[in-house]
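Both ligands and their constituent atoms are indexed starting at 1 by order of listing. Residues take their numbers from the sequence shown, with the count starting at 1.
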Amino acid sequence: MAWDEGHFSQRLGAMEKLLGSLREEWSVGQAVARLRADAQAMLFHLRDRQDHPPLAVLLGGTGTGKSTLVNRLLGAELTSASFRRTFTSGVIAAARDEQAVPHGWLGLPRKAAAQAPARGEVGCLTIVQHDVPLTRQATLVDTPDLDGDQPAHFAEADRAFRWAQAAVFLVTPEKYQMTELLPYYRLARRYGLPALFVMNKCDEAAVLDDFRRQLAGRDWPEAQVFAVPRDDAAYEPPVGATLDDLRNDIAELPQRLRQIRQSQGQALANRAADLLGRMQDQLLTPLREQRRRTDRLVTGLRAMAAPEPGIDLSPLTQQLQRRLQEQSVLYLVGPQRVLDRVRQVPSLLMRLPRTAWDLVIRGEGPQPGPTGGASTQQQVPDFPALLADQFTIAQSRIEDLIRGTADDARIDPGWKLPAAEARRIAEEELAELKAWLEQRWNAEPRDTRMIQKLLSVLPGGRSLARWSEAAPYLLAVVLAAHGAFFGHLDLLILGGYGLGTWLMEKLSNEVTARTRRANSRIASRFAALTHEQVERACACLEQRTIPHEQLRRLEDLADELAEAIR
Ligand SMILES: Nc1nc2c(ncn2[C@@H]2O[C@H](COP(=O)(O)OP(=O)(O)O)[C@@H](O)[C@H]2O)c(=O)[nH]1
Ligand SMILES: [Mg+2]
């Protein structure tokens with residue numbers, strides 16, 4: 001494998017910076033933070049000048065005796081051992097002095113231990129100073145448990161492994177068959193890490209041999225295995241495998257690292273390839289997928305806001321149409337005379353909306369309440385409420401679309417405009433229409449007779465003292481007869497004439513035109529509001545998605561890195 005280490009290191013530095021600039025809300029879980037830490041670890045291995053004692057990391061399951069072993073090796077109570085499980089909570093380095101641990105090692109803030117034995121802290125590197133011959137040769141790093149039930153502990157231990165310059169794997173006769181460590185044995189081989197294997201609490205030769213066999217099957221046929229006897233056991237470790245031997249081997253780590261330094265190219269390339277693979281799988285692929293989903297969603301949402309003219313498949317408008325029809329029909333069919341006519345022409349009934357049908361056939365109103373059907377018949381269509389409802393429906397359609405892509409967690413609940421804004425559109429337009437009608441009523445006495453005649457045929461018309469009070473009704477009629485919103489409704493044709501049309505004839509052209517204008521203004525303002533709502537939802541989605549430009553930079557850098565190890 002040709003391996004341009006210098007170029008890779010330089011580009012990886014750029015990648016590390018870029019990862020640091022990614023906003024948390026674009027990313028996929030903890031992936032960015034983890035990969036960034038891995039990139040930093042990789043950079044450490046590429047750039048380390050080995051001008052400090054090598055960092056030997058102890059790794060093992062909970063209660064295997066990592067902390068106890070560090071203390072035994074160094075002959076002091078430096079790190080807290082406990083029969084309580086998962087006691088060590090953060091990485092603890094037992095070092096000659098603080099300078100022995102390179103600046104930025106682990107990519108975590110560091111703290112000098114306030115007292116010994118130290119317990120460590122999640123997210124922090126604790127350094128215990130202890131100047132003895134062994135710490136001049138190697139810094140011993142105690143870690144939380146690799147197999148603990150606490151994911152934070154596992155992450156700490158895994159991080160320490162990525163930054164390690166040598167590994168001391170610790171097992172017990174009860175635990176050596178557990179699977180947690182196995183992948184790390186292979187990785188240590190793949191990354192060219194000197195590794196030492198220790199069976200702690202050992203009480204018979206057979207388990208040690210079995211452990212050796214297991215290691216041989218995991219890329220370590222020539223593993224250096226040590227045994228520390230259980231306190232009360234009569235067992236004696238074989239020659240060369242005692243605690244003292246282990247201490248000597250740790251002390252020889254600097255020479256060993258110097259010897260293998262020249263042959264580390266392949267190991268570093270392996271590390272680099274793994275890092276890139278993880279970057280692709282855990283970051284680039286999910287980000288790319290998320291970017292695609294957002295693009296599709298935004299396209300879908302915008303298409304919803306602007307239906308093709310002439311083709312109205314939108315359930316949104318269909319529903320508004322139906323509800324207006326019901327309310328208008330209920331209103332229009334109010335007079336008993338009209339009901340009787342409808343009953344005489346059964347074919348017409350088929351065309352009535354469901355609510356009107358119930359009213360006509362069974363005499364039931366749509367909302368049975370204390371006031372009963374009669375008052376429902378006389379209710380003027382409530383445009384503001386209808387429009388607000390329609391807006392809420394539009395919002396739930398947006399939500400459905402987003403949910404459909406399982407992305408709802410990504411959208412900030414603050415994207416919704418208040419439905420009252422839709423209500424206000426109708427209220428304002430109605431108020432203007434009313435004011436206009438009022439003015440006509442007062443200024444044009446010649447219309448009065450005609451208007452009074454019209455009001456007298458309206459259901460409840462007698463109680464409508466002024467024409468302006470019939471404004472919502474006018475809107476319903478004009479809407480029905482001219483289809484300002486939704487195309488022609490052909491509202492109700494009774495016995496050969498359209499009621500809507502018949503009523504329209506009784507309105508002056510001027511009134512009709514003004515009312516139609518109110519209709520179309522409501523329609524266009526409602527469309528604008530819906531558009532704004534869609535844009536807000538889109539903006540929320542965009543905010544949660546990596547921008548195209550940033551994603552491209554990530555991909556380009558990843559390609560360059562891949563190029564360098566090819
Ligand atoms: N009998 C015996 N107990 C040990 C030995 N090493 C550690 N222990 C005990 O095992 C428990 C866990 O040890 P600790 O060092 O905290 O394990 P860690 O979780 O791997 O750091 C403690 O109660 C230790 O006293 C050993 O060699 N023999
Ligand atoms: Mg411990």
Side-chain angles (χ1 to χ4, degrees), residues 55-95 106 108 111 113-128 130 134 139-161 164 167-182 184-185 195-205 207-208 211 225-238 241-247 250:
L55 294 134
V57 170
L58 277 89
L59 291 163
T62 173
T64 47
K66 297 178 292 298
S67 303
T68 310
L69 185 64
V70 169
N71 294 339
R72 277 189 185 168
L73 286 167
L74 296 175
E77 289 295 305
L78 303 177
T79 163
S80 294
S82 172
F83 60 91
R84 276 166 57 197
R85 307 208 129 207
T86 66
F87 196 70
T88 308
S89 335
V91 178
I92 300 167
L106 283 191
L108 293 179
K111 266 190 187 169
Q115 67 202 49
R119 224 187 121 173
E121 258 176 65
V122 172
C124 177
L125 166 64
T126 305
I127 300 179
V128 195
H130 187 64
L134 187 58
T139 296
L140 291 186
V141 181
D142 188 16
T143 62
D145 313 305
L146 258 181
D147 64 344
D149 36 14
Q150 304 204 34
H153 284 186
F154 166 79
E156 298 274 302
D158 181 80
R159 177 195 289 265
F161 173 79
V168 180
F169 291 107
L170 194 56
V171 298
T172 59
E174 296 78 40
K175 286 210 156 182
Y176 73 100
Q177 279 159 328
M178 291 178 67
T179 52
E180 283 77 7
L181 282 178
L182 304 183
Y184 289 96
Y185 299 159
L196 305 171
F197 301 86
V198 184
M199 170 79 70
N200 196 18
K201 309 185 193 179
C202 192
D203 52 6
E204 51 168 342
V207 280
L208 198 64
F211 184 37
V225 183
F226 303 86
V228 181
R230 208 181 60 217
D231 294 347
D232 54 354
Y235 170 79
E236 284 285 335
T242 65
L243 189 64
D244 286 334
D245 297 317
L246 172 64
R247 195 180 285 115
I250 293 175

Practice item. Please determine if G65 has a nitrogen or oxygen closer than 3.5 Å to a nitrogen or oxygen of ligand 1. Key: yes

Exercise for review: May I ask which of N200, D203, T172, D231 has a heavy atom nearer to atom 2 (C) of ligand 1 than the others do?
Suggested key: D231

Practice item. Report the part of R72 (side chain from C-beta onward, or backbone N, CA, C, O) that has a heavy atom under 4.0 Å from ligand 1; answer both or neither where that applies. Key: side chain

Revision key, fill the gap. Row for the Mg ion (ligand 2): angle OG1 (T88) to OG (S67), 10° precision, value 90°

Review point. Of all the atoms in ligand 1, which lie at a distance below 4.0 Å from a heavy atom belonging to S67?
Key: 15 (O), 21 (O)

Point to revise | Option whose closest heavy atom lies nearest to atom 13 (O) of ligand 1, chosen from T68, D145, L170 | key: T68

Review point. Under 3.5 Å between some N or O of ligand 1 and some N or O of R230?
Key: no

Point to revise | F161-Y184 aromatic ring centre distance below 6.0 Å | key: yes

Check your understanding: Among the heavy atoms of G63, does any lie under 4.0 Å from an atom of ligand 1?
Key -> yes

Check your understanding: For ligand 1, is there an N or O atom under 3.5 Å from any N or O atom of V228?
Key -> no

Check your understanding: So, R72 and D231, do they make that salt bridge, N to O below 4.0 Å?
Key -> yes

Check your understanding: Which value, rounded to the nearest 0.5 Å, describes the distance between I250 atom CD1 and L73 atom CG?
Key -> 4.5 Å

Practice item. For H130 and L74, indicate whether the former's side chain and the latter's backbone hold a donor-acceptor pair under 3.5 Å. Key: yes

Check your understanding: Pick from V57, V70, D158: which one makes a side-chain contact (heavy atoms from CB on, under 4.5 Å) with T143?
Key -> V57

Practice item. Decide whether an N or O pair under 3.5 Å exists between K201 and ligand 1. Key: yes

Review point. So, does D147 use its side chain to make a donor-acceptor pair with the main chain of T62 at under 3.5 Å?
Key: yes

**Study point:** salt_bridge(D203, K201) N-O dist < 4.0 Å
**Key:** no

